[in-house]
Amino acid sequence: MFNHTFIAATATLILLAGPALAGDHAKHNMASPLANVVGSYGQLRAALAADSLAGAQKAAAGLAAAAGKAKVAAEHKRTLAEVGKWAAKVAAAKDMAAARMDFGQTSRQLITLLVAHPRAATGLTAYRCPMASGYKKWVQSGDMANPYMGARMLRCGGKTKMEP
């Protein structure tokens with residue numbers, strides 16, 4: 001059986017540390033036009049890993065706003081707009097299952113941008129969860145914490161190539 005106190009404490013720690021970790025990543029990549037996008041995505045991923053729908057919705061709204069403000073070359077604007085569109089869907093999700101499915105599409109678009117802007121991917125690792133429904137990849141810095149499975153299977157998955 002799960003120790004619910006431990007899970008709650010871990011989720012709280014992830015939620016509290018998530019913005020700081022995302023901020024650290026963004027600080028190291030200030031030269032990247034995607035720094036705020038990547039930082040907001042990190043907050044979203046951390047909230048999903050902590051099973052916090054409210055945290056994910058808030059972070060997703062921040063990601064959608066960051067995507068709307070980021071400046072990228074013309075050939076990448078559509079992909080950036082897709083990041084914002086899918087993040088807005090996460091922000092409006094009614095439950096974790098929907099939020100996680102829309103997060104998958106957000107991740108697909110973000111990874112596409114990171115491949116085109118490798119400097120923005122500095123310090124990030126791509127992971128894949130074989131148990132996830134829909135798109136199965138995500139990126140993050142630090143130890144793996146699966147946003148698709150949350151506390152139920154936080155360590156499910158492994159490193160993969162940074163490609164959509």
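No hydrogens, no waters, no symmetry mates; every other heavy atom, side chains included, goes into these values. Worth saying up front: this structure is predicted, and the values here are computed from it rather than measured.
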For a ring-ring contact (aromatic ring centres under 6.0 Å, His included) with Y41, tell me which candidate from W138, W86, F103 qualifies. F103

Donor-acceptor pair, distance only, cut-off 3.5 Å: does the side chain of Q57 make one with the backbone of V90? no

Determine whether a donor-acceptor pair (N or O, by modelled atom type, separation under 3.5 Å) exists between the side chain of S40 and the backbone of V37. no

Find out if a path of hydrophobic residues (ILVMFWY) with successive side-chain heavy-atom gaps under 4.5 Å connects M101 to L53. no

Exam field: side chain Q140 to backbone D143, donor-acceptor pair closer than 3.5 Å: yes

Under the rule for side chain to side chain donor-acceptor pair (under 3.5 Å), what residues qualify as partners of R128, not counting sequence neighbours? none

Less than 4.0 angstrom from a charged side-chain N to a carboxylate O is my criterion; do K85 and D102 meet it? no

Using modelled atom types and a 3.5 Å cut-off, is there a donor and acceptor pairing between side-chain atoms of K136 and backbone atoms of A132? yes

For Q105, the side chain to side chain donor-acceptor pair (under 3.5 Å) test, sequence neighbours excluded, returns R108

Considering all heavy atoms of both residues, which atom of K137 and which atom of I111 are nearest to each other, and what is their separation? CB-CD1, 3.9 Å

Between R45 and A145, is there a donor-acceptor pair closer than 3.5 Å when you use the side chain of the first and the backbone of the second? yes

Let me check something: any side-chain donor-acceptor pairs from residues 60-80 under 3.5 Å, sequence neighbours excluded? List them with distances.
none

